[in-house]
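Basis for what follows: all heavy atoms, side chains included, without hydrogens, waters or symmetry-related copies. Position 1 is the first residue of the sequence; numbering continues from there.
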Amino acid sequence: MEHQVVDNWYLPETMEPTAMFKRLKRKFGLVHEPEVHHKITYCDSFDWRLFANDYLLSCVGTAWRLHDLHTGEIIMEESGPKVNKACFAKAFQVGGLQQQLTDILEMRCVSPIASGEVTVQECRLVNKDEKTVVRLFLEQHQMTGADDRLRAVRLEPVRGYIDELEAVRSILKQFEPVNRPPAYIAMEQGCTCLGRTPGDYSSKMVLHLDPDQTARSAVGIIYKQLLEAMHVNIPGVLADLDSEFLHDFRVAVRRTRSGLSLIKGVLPPAVVEKYKEDFAYLGQVTGPTRDLDVYLLYEDEYKSRLPETLQDGLHSFFENLAALRAQEQRALVRELKGPRVEEILCSWQAYLDNEDTQSAKFADSPVIDIATKIIYRRYKRVLKDGLAITDKTPDREIHRLRIQGKKLRYAIEFFASLFPAQDIATAIKRLKKLQNYLGDFNDLSVQQDVLRNHLQGIRPGSRKNLELGAALGALMSNLHREQVKARGDFAAIFGKFSSARNIALFEKLFTCKKEAI
């Protein structure tokens, strides 16, 4: 996004607005309009999707504004829902703002990240002929929880009076203001009062490991970051704000389980076995709700696969899923608030915070040696299993390859910071293309199984059930045709991953030059 120069001036805390007006009065006449007061709320998704795309979203009553993050310029302004703990894009009226939010947020909601009171006073600067030459807006932001009031000036030019605008800028600069949008500064201060920092959470792993640090030290850093991801997502899971809180929680659990299985000989065997069992339990209790979340997210896609005459038949199917999902969510909340989950997370934290009383075989080995061994071994496994798949290979082997690909991806992400960033990005990009194919293929298979089971449970007789059966049958046929086509694409997709160029990249990155461990 190209950033335009906007006249937003953040005033130093020591400067009183009266001093600014006194200086301006020497050159211009001042006409003060009545002050306007309003409450403002800034919103974003929990993982800062708008912020990451250089946007800032604010709400005053039911008026929503999408700002350029860097300039404060209002890009879109439309009415929408009252701000709530969870506002989804679909709650906005059809229009440009809804579409923009849909594209960026996808399945995530926006929630309040900061709020405060804003006082705005317009001052018209007039010349000797009493013509308005510049409009000046003094904004005072009192963010909730903040002791200090933020003051800012916004200038709006009037056509034909460029020299006067430059004169006002010159006067303002004498007070050493900062040319930053007050909306961003206010949002940032409000977040700080709530213990957050813009961009402070992402589901992506961002680690900074030293090649020479011990493997035990490195895995401690990895597991602590994953544990933190679990902790920060639990409140959103309990409040049931959007489906991604549970998704991110489960990804952190799954990565931890994979780490315990992949990174052998670094933690004591008894520790590994205990926590593999504990995190398997966390995966088990969170699975049913997540599975139903996924199917509910497919509703629009499923309907788009059917002719309009059959789409209504899916209504009761998704009604049943939503009811079952509500039941599973209540069960999940009970589990997450229960003693076993608390014991698992607290004991894992305590273990990671303390030194091992018993060392493991490779605990003191340089992490780079462990990393190259694990990643290259996993890569060779994916390559071997994939090359063995032919047109006659059962589908279950493709599903197994998906699991192997996921383990390879986790291993690379754990240790990515140990290798050249550009090469790692290329390796992950190529692996991700294969993973996307394998994941889509698996989804098509699992979805058909779910629909088949539901279809078998339908009691014949009512018109509603007949319509549902017809819709499910047509949907299964559609998914099956797509799966057959996808199966025919396997050789081409895997051929790119197993190309000589890609093999050379993985060997360059992950072939261990030192003596094998």
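Formation of a donor-acceptor pair under 3.5 Å by the Asn84 side chain with backbone atoms of Cys87 is not found in this model. Checking side-chain atoms of Gln349 against main-chain N and O of Asp353 turns up no donor-acceptor pair under 3.5 Å. Although no hydrogens or angles enter the test, the distance criterion places no donor-acceptor pair under 3.5 Å between the side chain of Glu77 and the main chain of Arg65. For the pair Ser304 (side chain) and Glu301 (backbone), a donor-acceptor distance under 3.5 Å is present. In terms of modelled atom types and a separation under 3.5 Å, the side chain of Ser417 and the main chain of Leu209 share a donor-acceptor contact. Within the 3.5 Å criterion, the main-chain N or O of Ile344 finds no donor-acceptor partner in the side chain of Asp278. Asp200 contributes a side-chain N or O that, together with a main-chain N or O of Thr197, makes up a donor-acceptor pair within less than 3.5 Å. Side chain of Asn53 to main chain of Tyr55: no donor-acceptor pair is present (N/O by atom type, distance under 3.5 Å, no hydrogens or angles).
Remark: Arg254 is not positioned above the aromatic ring of Tyr410, lacking an NZ or CZ atom under 6.0 angstrom from the ring centre and at most 45 degrees off the axis. Both tests pass for Arg108 against the ring of Phe245: distance under 6.0 Å to the centre and angle within 45° of the axis.
Interatomic distance, Cys43 SG to Trp64 CH2, rounded to the nearest 0.5 Å: 4.0 Å. Between the OG1 atom in Thr289 and the CD atom in Gln327 there is a gap of 10.0 Å [rounded to 0.5 Å]. Here CG of Asn233 is found 9.0 Å from CG of Asp47. Values are rounded to the nearest 0.5 Å. A distance of 8.5 Å separates CG of Leu56 from CG of Leu50, quoted to the nearest 0.5 Å. Taken from CG in Leu150 to CG in Leu11, the straight-line distance is 10.0 Å, to the nearest 0.5 Å. Note that CZ of Arg23 and CZ of Arg26 are 5.0 Å apart. Values are rounded to the nearest 0.5 Å.
At a threshold of 4.5 Å between non-hydrogen side-chain atoms, the residues Ser115 and Met143 do not count as touching. The shortest distance between side-chain heavy atoms of Gln447 and Asp443 falls below 4.5 Å. When side chains are defined from C-beta on, Val367 does not count as touching Asp212, because their heavy atoms never get closer than 4.5 Å. Side-chain contact between Leu509 and Pro420 is present, with heavy atoms from C-beta onward closer than 4.5 Å. The shortest side-chain heavy-atom distance between Phe414 and Met205 falls under the 4.5 Å cut-off. Side-chain atoms of Phe28 and Val168, non-hydrogen and from C-beta on, do get closer than 4.5 Å to each other. Thr286 has its side chain out of reach of Val253: every pair of non-hydrogen atoms, C-beta onward, lies at least 4.5 Å apart. Residues Met15 and Arg151 are not in side-chain contact: their nearest non-hydrogen atoms beyond the backbone lie 4.5 Å or more apart.
Donor-acceptor pairing under 3.5 Å is recorded for the side chains of Asp54 and His70.
For Glu176, the CD atom counts as loosely surrounded, since its 6.0 Å shell holds 12 or fewer non-hydrogen atoms of other residues, nucleotides or ligands. The local environment of CG in Asp312 is sparse, with at most 12 non-hydrogen atoms from other residues, nucleotides or ligands closer than 6.0 Å. Counting heavy atoms of neighbouring residues, nucleotides and ligands inside a 6.0 Å radius, atom CD of Glu13 does not exceed 12 of them. Under a cut-off of 6.0 angstrom, the local environment of CD in Glu319 is crowded, with over 12 non-hydrogen atoms contributed by other residues, nucleotides or ligands.
Closest non-hydrogen pair, Ala252 versus Ala229, comes out as CB-CB, 4.0 Å. In terms of heavy atoms, Leu297 sits closest to Ser243 at CD1-OG, 3.8 Å. Nearest heavy-atom pair across Ala167 and Lys27 is CB-CE, 3.6 Å.
Pairs of residues two or more places apart, or lying in two chains, that qualify as ring-ring contact (aromatic ring centres under 6.0 Å, His included) and include a residue from residues 168-202 are Phe46-Tyr201.
For Phe419 and Phe510, the distance between ring centers is under 6.0 angstrom.
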Tell me which donor-acceptor pairs under 3.5 Å the side chains of residues 117-134 have, and how far apart each pair is, sequence neighbours excluded?
| unit_1 | atom_1 | unit_2 | atom_2 | d |
| --- | --- | --- | --- | --- |
| Thr119 | OG1 | His37 | ND1 | 3.0 |
| Gln121 | NE2 | Glu33 | O | 3.4 |
| Glu122 | OE2 | Arg135 | NE | 3.3 |
| Arg124 | NE | Glu33 | OE2 | 3.2 |
| Arg124 | NH1 | Thr132 | OG1 | 2.8 |
| Asn127 | OD1 | Asp129 | N | 2.9 |
| Asn127 | OD1 | Glu130 | N | 3.1 |
| Asn127 | OD1 | Lys131 | N | 2.9 |

Without placing hydrogens or testing angles, list every side-chain donor-acceptor pair under 3.5 Å for residues 215-226, not counting sequence neighbours.
| unit_1 | atom_1 | unit_2 | atom_2 | d |
| --- | --- | --- | --- | --- |
| Arg216 | NE | Asp356 | OD2 | 2.5 |
| Ser217 | OG | Gln213 | NE2 | 2.8 |
| Tyr223 | OH | Gly259 | O | 3.1 |
| Tyr223 | OH | Leu260 | N | 3.2 |
| Gln225 | OE1 | Val206 | N | 3.2 |
| Gln225 | NE2 | Val206 | O | 2.9 |

Could you give the side-chain donor-acceptor pairs of residues 428-436 under 3.5 Å, partners two or more places apart or in another chain?
| unit_1 | atom_1 | unit_2 | atom_2 | d |
| --- | --- | --- | --- | --- |
| Arg430 | NH1 | Asn502 | OD1 | 3.2 |
| Gln435 | OE1 | Arg409 | NH1 | 2.6 |
| Asn436 | ND2 | Lys432 | O | 3.4 |

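By the ring-ring contact (aromatic ring centres under 6.0 Å, His included) test, Phe88 pairs with no residue at all, sequence neighbours left out. Partners of His38 according to the ring-ring contact (aromatic ring centres under 6.0 Å, His included) rule, which considers only residues two or more places apart in sequence or in another chain, do not exist here.
The pair Asp248-Arg250 does not count as a salt bridge, with every side-chain nitrogen at least 4.0 angstrom from each carboxylate oxygen. Using a 4.0 Å cut-off between charged nitrogen and carboxylate oxygen, Glu166 and Arg169 count as a salt-bridge pair. Looking at Asp7 and Arg154, no side-chain N of the basic residue comes within less than 4.0 Å of a carboxylate O on the acidic one, giving no salt bridge. The pair Glu106-Arg49 meets the salt-bridge criterion, since a charged nitrogen lies less than 4.0 angstrom from a carboxylate oxygen. For the pair Glu482 and Arg305, the salt-bridge criterion is met [side-chain N within less than 4.0 Å of a carboxylate O].
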For Glu335 and Arg340: C-alpha separation, side-chain torsions, deciding distance, then whether salt bridge (charged side-chain N to carboxylate O under 4.0 Å, His left out) applies.
CA-CA 8 Å; Glu335 289 287 347; Arg340 183 169 181 187; over 6 Å; no
Checking side chain to side chain contact (heavy atoms under 4.5 Å, CB included) for the pair His32/Phe21: CA distance, chi angles, key distance, verdict?
CA-CA 10 Å; His32 293 279; Phe21 287 127; 3.7 Å; yes
Walk me through whether Tyr275 and Thr256 qualify under side chain to side chain donor-acceptor pair (under 3.5 Å).
CA-CA 9 Å; Tyr275 288 106; Thr256 301; over 6 Å; no
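The aromatic rings of Phe317 and Tyr302 lie tilted to each other, with the angle between the two planes from 30° to 60°. Between Phe279 and Trp348, the two ring planes are perpendicular [angle over 60°; tilted spans 30° to 60°].
With respect to Asn442, the side-chain contact (heavy atoms from CB on, under 4.5 Å) criterion is satisfied by exactly one of Leu444, Leu438, Val446, Asp440: Val446.
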